[in-house]
Amino acid sequence: MVRVRFAPSPTGLPHIGNLRTALFNWLFARHHGGVFVLRIEDTDVARKVEGAEEAILSSLRWMGLDWDEGPYFQSGRLPLYQKTARALVESGHAYHCFCSTERLDEMRREQMRRKMPPGYDRLCRNLTPAQREELLALGITPVIRFRIPLEGQVRFNDLVKGQVTFNHSTLDDFVLLKADGFPTYHLANIVDDHDMRISHVLRADEWLASTPRHLLLYQALGYEPPQFVHLPMILSDDRSKLSKRHGAVSVTEFQVQGFLPQAMVNFMALLGWSLDDHTEILTQEELVRHFSVERLARTGAIFNREKLEWMNGVYLRKLTLEDFIGMAQSYLERDLPPSVPRPLNRGYLLQMAPFIQERARTLGEVSGLADFFFLVDVNYEVGLLLKGIEKDAHKQGRDVAEATPMAVEALDKAMEALEQAAVFEPEPLEQAFRVLGEELGLSPGGFFGLLRVALTGRTASPPLFNTISILSRERSLTRLAVARGKLEPTRL
RNA sequence: GCCCCCAUCGUCUAGAGGCCUAGGACACCGGCCUUUCAAGCCGGUAAUCGGGGGUUCGAAUCCCCCUGGGGGCACCA
């Protein structure tokens, strides 16, 4: 029976590295019809962050990673760890250490200075019972350290790294139980993985170095160790370990920016795993069906935001119009200036949404792409109006200065045409304006470009005549008039 | 400093001795479509497979060395 777990510590917002680990564990469990356990490793009282736990749960839910057991909290299982630590002392696999933090710090400084590998010098390892009683009598609360065998080596077969060997001599007597009675990660992790009958440990590469300690612990406890699978890490742009200081790496942040969970899942799955030499887009079901440890990569991967954005665009376009509108609406209502009345009109959204859906890469981009549909006034530089017309003037061998009167005339005629338009639909409008453009001696690019800027305030927009018909006759006329005013301020 | 891991286009990756004059994707550059921008389609640039030795008839693929990168070395996880 496959039993895996995701065991984050609530020390901050979960970042994509954490969630990718969760995803792989979840995929592995689902693929094998196993159990996915959620366990919160809250054994560090000092580093605990308020709200982190909730953020972890909500990120998992958002990504669709449902768990079958838990969340278990290590803080609620203290007696179990303490009992285990005591048993280890009794069996001779661990011992009490009375060294002060100050002494330890000094020791490490000295080791570094002498270019020696830092590590506990085992001062307390062979304390006699009498010495121990003496220190205890002084009121010092000892920690419990694991007694690493002096000779020999640990060897294990990691499912992605293969055979890995560590000499005991490179391992130091690490702490199992802290003075505050809380276990360290090493102890709690092993006790729980055993207690929860975890069969496979899929965790980030950074844990590889502590695996020999864990194996020795399993051995001392007489527990059967799980299979280890060390996942390649997700790297920041400079190839270093991802951390909070590397910008927007929390999953919550991606959610806020308007990435879809399906895209996140798909993209993250491809960071360190691949199906074959060509498949990029996979649904969650397909990922479950195909996921396998054999196809995990062994190298770290830089998180390529560009590609994520592309993929998110793909998912956005796959949405039904109704679903897209549902999501776009909340982002629009969040991002549009307060002058735009809420709630947004559903029927109006239905008209403009198709043109935005094929252009947006994230939902956060929607308002920037569509604001002119909602604003009362659009803002732009006058010069933008003339760009295309100037080109036409130049082509006709006329002076650039003539562009302004040309544009004014074009706007006047355009307003007339809009007023007279019998059917306010894209096709008839286009027909009428093409004819008009010819009459004005303007190229479609010049004429339509002028109108585009006047109506949307920008040089790139959805198709012009769709835009006009969505905006309505009245609003279009107003904007053309405003544009005219910008060109001839004195005559206004 | 010590220990461990890793090494294919800028990035994500395919490749498990001959299908590789190294494939796909993002990005980039062209073209088509087109009123603009997207989307879509077509095409292109881009890795002497980190370097050097082996093994082999044959190596991106196996072995060794070097180099480079990363991770770990807390009473943090």
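Residue numbers start from 1 in every chain, and the chains themselves are labelled A, B, ... in the order their sequence lines are given, proteins ahead of strands.
- The CG atom of Asn304(A) sits 9 Å away from the C1' atom of G10(B) (whole-angstrom rounding).
- Not one side-chain nitrogen or oxygen of Arg103(A) sits closer than 4.0 Å to the OP1 or OP2 atom of C75(B).
- Closest approach to the Lys307(A) side chain among G1(B), C12(B), A77(B) is made by C12(B) (side chain taken as heavy atoms from C-beta onward).
- Other residues, nucleotides and ligands contribute only 12 or fewer heavy atoms inside 6.0 Å of the NZ atom of Lys387(A).
- Taking every side-chain heavy atom of Glu280(A) into account, A25(B) is the closest of C75(B), A25(B), C4(B).
- Taking every heavy atom of both residues into account, His168(A) and Ile148(A) meet most closely at O-CG2, 3.7 Å.
- When the options Asp42(A), Asp192(A), Asn189(A) are evaluated for a side chain to side chain donor-acceptor pair (under 3.5 Å) with Gln74(A), the one that passes is Asp192(A).
- Going from the P atom of A7(B) to that of C49(B) covers 15 Å, rounded to whole Å.
- Both Ser100(A) and Phe465(A) lie close to RNA chain B; mapped to their nearest nucleotides by heavy-atom distance, the more 5′-ward contact belongs to Phe465(A).
- As a whole-Å value, the separation of Asp276(A) CG from A25(B) P is 12 Å.
- For the C1' atoms, the distance linking G17(B) with U55(B) amounts to 11 Å, nearest Å.
- In this structure, Phe324(A) atom CZ and A39(B) atom C1' are separated by 13 Å, rounded to whole Å.
- A distance of about 24 Å separates the P atoms of A16(B) and G52(B), rounded to the whole Å.
- Close to C5(B), at under 4.0 Å from its OP1 or OP2, lies no side-chain N or O of Thr299(A).
- Spacing of P atoms, C3(B) relative to A27(B), comes out at 44 Å, to the nearest Å.
- Of the candidates A77(B), C37(B), U11(B), the closest approach to any side-chain atom of Arg359(A) belongs to C37(B).
- Annotation: C29(B) and U45(B) have their P atoms spaced 16 Å apart (nearest Å).
- Ring geometry for Phe465(A) versus Phe433(A): interplanar angle of 30 to 60°, hence tilted.
- For the side chain to side chain donor-acceptor pair (under 3.5 Å) with Asp205(A), the lone residue among Lys161(A), His230(A), Arg298(A) that qualifies is Lys161(A).
- Taking only side-chain nitrogens and oxygens, Arg452(A) never comes nearer than 4.0 Å to OP1 or OP2 of C37(B).
- When distances run from any side-chain atom of Lys178(A) to the nucleotides G1(B), A77(B), A38(B), the shortest one goes to A77(B).
- If you take atom C1' in C9(B) and the same atom in G18(B), they sit 24 Å apart, rounded to whole Å.
- Set against U13(B), A38(B), A77(B), the side chain of Ser274(A) has U13(B) as its closest nucleotide.
- Just one residue in the list Leu27(A), Val229(A), Leu159(A), Leu23(A) forms a side chain to side chain contact (heavy atoms under 4.5 Å, CB included) with Leu202(A), and that residue is Val229(A).
- Not one side-chain nitrogen or oxygen of Arg298(A) sits closer than 4.0 Å to the OP1 or OP2 atom of C5(B).
- Regarding Asn167(A), its CG atom lies at a distance of 15 Å from the C1' atom of C73(B), rounded to whole Å.
- Taking the six-membered ring for Trp and the full ring otherwise, the centers of Tyr331(A) and Phe324(A) sit at least 6.0 Å from each other.
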- Task: Begin from the C-alpha positions of Phe259(A) and Arg305(A) and carry the test side chain to side chain contact (heavy atoms under 4.5 Å, CB included) through to its verdict.
- Result: CA-CA 11 Å; Phe259(A) 287 90; Arg305(A) 193 192 161 90; 3.6 Å; yes
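- Ring-plane geometry between Phe267(A) and Phe303(A) is classed as perpendicular, the angle between the planes exceeding 60 degrees on a 0 to 90 degree scale with a lower cut at 30.
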- Spell out protein contact along nucleotides 63-72 of chain B as letters: B when the base is contacted, S when just the sugar-phosphate is, - when no protein heavy atom is under 4.0 Å; keep the 5' to 3' order. -------SSS
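- Comparing atom distances between the Arg108(A) side chain and each of A74(B), U13(B), A27(B) picks out A74(B) as nearest.
- If you check every strand for non-hydrogen atoms under 4.0 Å, Val175(A) touches sugar and phosphate atoms only.
- Rounded to a whole angstrom, the distance from the P atom of G31(B) to that of G68(B) is 44 Å.
- Side-chain rings of Phe291(A) and Phe24(A) approach one another, their centers coming within less than 6.0 Å.
- Stacking of Arg458(A) on the aromatic ring of Tyr380(A) is not recorded, the 6.0 Å distance cut-off and the 45° axial limit not both being met.
- Without hydrogens or angle criteria, Ser59(A) side chain to Ile56(A) main chain gives no donor-acceptor distance under 3.5 Å.
- Distance check on atom C1': U61(B) versus G50(B) gives 16 Å, rounded to whole Å.
- Of all nucleotides listed (G23(B), C2(B), C75(B)), C75(B) comes nearest to the side chain of Arg145(A).
- Residue Glu358(A) is classed as a base contact, given a heavy-atom separation below 4.0 Å to a base.
- A heavy-atom distance below 4.0 Å to RNA chain B is reached by these residues of residues 456-463 of chain A, ordered by number: Thr459(A), Ala460(A), Ser461(A), Pro462(A), Pro463(A).
- Nearest to the side chain of Phe448(A), among A27(B), C76(B), U35(B), sits U35(B).
- Mapping Thr43(A) and Arg361(A) onto RNA chain B by nearest heavy atom places Arg361(A) at the nucleotide closer to the 5' end.
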